[in-house]
Amino acid sequence: MSPKAEFWLRCETKEFERRSALTPSTAAQLIKDGFTIYVERDQQRIFDDDEFEKVGCQLVANNSWLNAPPDVPIIGLKELAVSDEPLKHTHIQFAHCYKGQAGWSSVLSRFHRGGGTLYDLEFLTDANGRRVAAFGFHAGFAGAAVGALALAAQRRGEQLGRLDPYANEAAMIESVKAVLGGSGKGVRALVIGALGRCGRGAVDLFRKIGLDEDDILKWDMAETDKGGPFDEILGVDIFVNCIYLSSAIPPFLTRQQLVAAGTQRRLSVIVDVSCDTTNPFNPLPVYSINTTFSEPTVPVELLEGLSPVSVVSIDHLPTLLPREASEQFSSDLLPSLKEFPQRETARVWTDAKELFDKKVKDAVADLAAA
């Protein structure tokens, strides 16, 4: 018997997270194809509950997925709250535990002990190894915007305050331009990973707020092939890191570089969109914590008398444009979701399950050796 065609959309519990893995429009298409869609009531989500109800979704209580039937797949975006409870369901989400991040083995052990399965959204790939759905463009776009906001605050002698989601892209652009005095002209920026989704988003934002084309340095593998650290980063106002880190690489920037540059440094803001903060291979070892929408920046600890450097390391930047980012991501994910009932034969899902099984085995071994 083939698995049921159904999904349970859980609420997001991460603070400020307003995006959704399913949207009313993608849920409607799944329902049209015979799926049953359960949606947890959620006042935090950018889409109102009644938007889902109107297209035929069945609304259920907020954060009630633990009581869902064990055979109903749970879909969400951000990682689950920290807990030691075993997980019995099949979960589709970003788990941030496949690249050696802090606590990775404990997260995977919950699935092992509960008999559940994880299909990590970051590792759903097509036949060419490219992710079937990603928030990269909006992450880069929003990250560059926050970098510009942080630069404007720093120029005022202030620290960037709380961030709130924007109604749409146009509102974000106008807001950023306003704090820069009407235009970003004169600001110089460097984007590493400029040819990827994330990098293209960052470059697009810088263009739309008025940076001159010559003031947007676009680096990718060819420019970084020589290996860091890179002194060129010191010569821009905003540096945006958009790479996908998969192995150890030399650091792009070090604290020693910043100190050695003294008063000759122009760099004021680092935006680490990639947010490999706890990854042992983090190419930006100048900070050690993720920032948040309530406290968007953290200062790099430097010698007294040097101009400040602020780091933005928010790991869910696309939620600053929650409706647009959700619609794009969910639409890209939709073809794969339609194949989920045939996940034992559909390549995108069989590959993801194979990877999960390998990572669980690694996690069990890691915990046994601890």
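For the numbers below, each heavy atom of this structure counts, side chains included, while hydrogens, waters and symmetry mates do not. Worth saying up front: this structure is predicted, and the values here are computed from it rather than measured.
- Between the side chains of Asn168 and Glu324, not a single donor N or O lies within less than 3.5 Å of an accepting N or O.
- Two residues are said to be in side-chain contact when any heavy atoms from C-beta on lie closer than 4.5 Å; Leu333 and Leu124 meet this criterion.
- Residues meeting the side chain to side chain donor-acceptor pair (under 3.5 Å) test with Asp332, sequence neighbours left out: Gln328.
- Contact of the Ile192 side chain with the Val240 side chain is not registered, since no non-hydrogen atoms from C-beta on lie closer than 4.5 Å.
- Judged by distance alone, with hydrogens and angles left aside, the side-chain atoms of Gln44 form no donor-acceptor pair with the main-chain N or O of Cys11 at under 3.5 Å.
- A pairwise comparison of heavy atoms in Asp220 and Ala194 identifies OD1-N, 3.3 Å as the closest pair.
- Remark: side-chain polar atoms of Ser307 are not paired, donor with acceptor, to backbone N or O of Ser268 under 3.5 angstrom.
- Atom CD of Glu223 is surrounded by more than 12 heavy atoms from other residues, nucleotides or ligands within 6.0 Å.
- Looking at every heavy atom in both residues, Pro229 comes nearest to Gln257 through CB-OE1, 3.0 Å.
- In terms of modelled atom types and a separation under 3.5 Å, the side chain of Thr291 and the main chain of Pro296 share a donor-acceptor contact.
- Glu354 and Arg347 are not joined by a salt bridge, as no carboxylate oxygen comes within less than 4.0 angstrom of a charged side-chain nitrogen.
- Phe47 and Phe52 have perpendicular rings, their planes meeting at more than 60° on a 0 to 90° scale where under 30° would count as parallel.
- Listed for the Asn128 side chain is no donor-acceptor partner under 3.5 Å among the backbone atoms of Arg130.
- Thr23 and Thr26 share a donor-acceptor pair across their side chains, judged by distance under 3.5 Å alone.
- Within the 4.5 Å cutoff, no side-chain heavy atoms of Lys177 are placed close to those of Leu180.
- Within the 3.5 Å criterion, the main-chain N or O of Ser105 finds no donor-acceptor partner in the side chain of Asp366.
- Judged by distance alone, with hydrogens and angles left aside, the side-chain atoms of Asn62 form no donor-acceptor pair with the main-chain N or O of Glu40 at under 3.5 Å.
- Rounding to the nearest 0.5 Å places CG of Asp126 at 11.5 Å from CZ of Arg131.
- Two residues are said to be in side-chain contact when any heavy atoms from C-beta on lie closer than 4.5 Å; Val132 and Pro335 fail this criterion.
- Taking the charged nitrogens against the carboxylate oxygens, Asp215 and Arg188 do have a contact shorter than 4.0 Å, which makes a salt bridge.
- Salt-bridge formation is detected for the pair Arg207/Glu213: a Lys NZ or Arg NE/NH1/NH2 atom is positioned less than 4.0 Å from an Asp or Glu carboxylate oxygen.
- Between the side chain of Arg197 and the backbone N or O of Phe137, no donor-acceptor pair lies under 3.5 Å.
- Atoms OG1 and CD, on Thr319 and Glu15 in that order, are 11.5 Å from each other to the nearest 0.5 Å.
- Note on Trp219 and Leu211: separate hydrophobic clusters, where clusters join Ile, Leu, Val, Met, Phe, Trp and Tyr whose side-chain heavy atoms are under 4.5 Å apart, directly or indirectly.
- Using a 4.0 Å cut-off between charged nitrogen and carboxylate oxygen, Arg200 and Asp204 do not count as a salt-bridge pair.
- A cation-pi contact, defined as under 6.0 Å to the ring centre and within 45° of the axis, links Arg19 to Phe135.
- Scanning all heavy atoms of the two residues, the minimum distance from Pro322 to Pro165 falls at CD-CB, 3.9 Å.
- Summarising the geometry, atom CG belonging to Leu334 is positioned 10.5 Å from atom CD belonging to Glu339; distances are rounded to the nearest 0.5 Å.
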>> Could you go through Val271 and Val146, starting from their C-alpha distance and side-chain angles, then the distance that decides it, and tell me whether this counts as side-chain contact (heavy atoms from CB on, under 4.5 Å)?
In response: CA-CA 8 Å; Val271 183; Val146 177; 5.7 Å; no

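- Minimum interatomic distance between Ala27 and Cys57 (heavy atoms only, all atoms of both residues): CB-SG, 3.7 Å.
- Closest non-hydrogen pair, Val176 versus Ala148, comes out as CG1-CB, 3.6 Å.
- No hydrogens or angles considered: nothing links the side chains of Gln159 and Ser310 as a donor-acceptor pair under 3.5 Å.
- Taking 4.5 Å as the limit, some side-chain heavy atom of Asn282 sits within range of a side-chain heavy atom of Asp272.
- Within the 4.5 Å cutoff, side-chain heavy atoms of Asp315 are placed close to those of Lys14.
- Taking the ring pair (Phe, Tyr, Trp, His ring centres under 6.0 Å) definition, one finds that Tyr119 meets it with Phe340, Trp349, sequence neighbours left out.
- Residue Ile233 holds its CD1 atom at 4.0 Å from CZ of Phe239, rounded to the nearest 0.5 Å.
- Closest of all the heavy-atom pairs between Ser330 and Leu22 is OG-CA, 3.5 Å.
- Between the side chains of Gln101 and Thr278, no donor-acceptor pair is found at a separation under 3.5 Å.
- Summarising the local packing, CD of Gln58 is surrounded by more than 12 heavy atoms from other residues, nucleotides or ligands at distances under 6.0 Å.
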>> For Lys208 and Phe141: C-alpha separation, side-chain torsions, deciding distance, then whether side-chain contact (heavy atoms from CB on, under 4.5 Å) applies.
In response: CA-CA 10 Å; Lys208 287 179 176 176; Phe141 195 94; 4.2 Å; yes

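- When Tyr98, Tyr244, Phe94 are each tested for a ring pair (Phe, Tyr, Trp, His ring centres under 6.0 Å) with Phe123, only one passes: Tyr98.
- Using a 4.5 Å heavy-atom cutoff, the side chains of Gln154 and Pro308 are in contact.
- The main-chain N or O of Arg18 is never found under 3.5 Å from a side-chain atom of Arg45 such that the two would form a donor-acceptor pair.
- A chain of hydrophobic side-chain contacts below 4.5 Å, direct or via other Ile, Leu, Val, Met, Phe, Trp or Tyr residues, connects Leu320 to Leu151.
- For Glu232 and Lys226, the salt-bridge test passes: some basic side-chain N is under 4.0 Å from an acidic carboxylate O.
- Both Leu284 and Leu302 are assigned to one and the same hydrophobic cluster, defined by single-linkage of ILVMFWY side chains at heavy-atom distances under 4.5 Å.
- Side chain of Asp120 to main chain of Glu122: a donor-acceptor pair is present (N/O by atom type, distance under 3.5 Å, no hydrogens or angles).
- His112 NE2 to Leu118 CG: the interatomic distance, rounded to the nearest 0.5 Å, is 14.5 Å.
- Considering only heavy atoms from C-beta on, Leu253 comes within 4.5 Å of Leu258 through its side chain.
- For the side-chain contact (heavy atoms from CB on, under 4.5 Å) with Ile37, the lone residue among Val55, Ile31, Ile75 that qualifies is Ile31.
- The hydrophobic cluster containing Leu190 does not contain Leu317, counting ILVMFWY residues as joined when their side-chain heavy atoms lie under 4.5 angstrom apart, directly or transitively.
- For the atom pair CG (Leu66) and CG (Leu87), the distance works out to 8.0 Å, reported to the nearest 0.5 Å.
- At distances below 3.5 Å, at least one donor-acceptor pair connects side-chain atoms of Lys218 with backbone N or O atoms of Ile216.
- Hydrophobic clustering of Ile, Leu, Val, Met, Phe, Trp and Tyr side chains at less than 4.5 Å, counting indirect connections, keeps Phe293 apart from Ile46.
- A salt bridge is absent between Arg110 and Glu79; no separation between the charged side-chain nitrogens and carboxylate oxygens falls under 4.0 Å.
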> Step by step, would you call Leu77 with His316 a side-chain contact (heavy atoms from CB on, under 4.5 Å)?
Replying inline: CA-CA 10 Å; Leu77 284 181; His316 56 139; over 6 Å; no

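- Judged by the 6.0 Å and 45° rule, Lys353 forms no cation-pi pair with Phe111.
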>> I'd like to know whether Asn63 forms a side-chain contact (heavy atoms from CB on, under 4.5 Å) with Asp42, so could you lay out the CA-CA distance, the side-chain angles of the two residues, the decisive distance to 0.1 Å, and finally the verdict.
In response: CA-CA 8 Å; Asn63 206 26; Asp42 187 6; over 6 Å; no

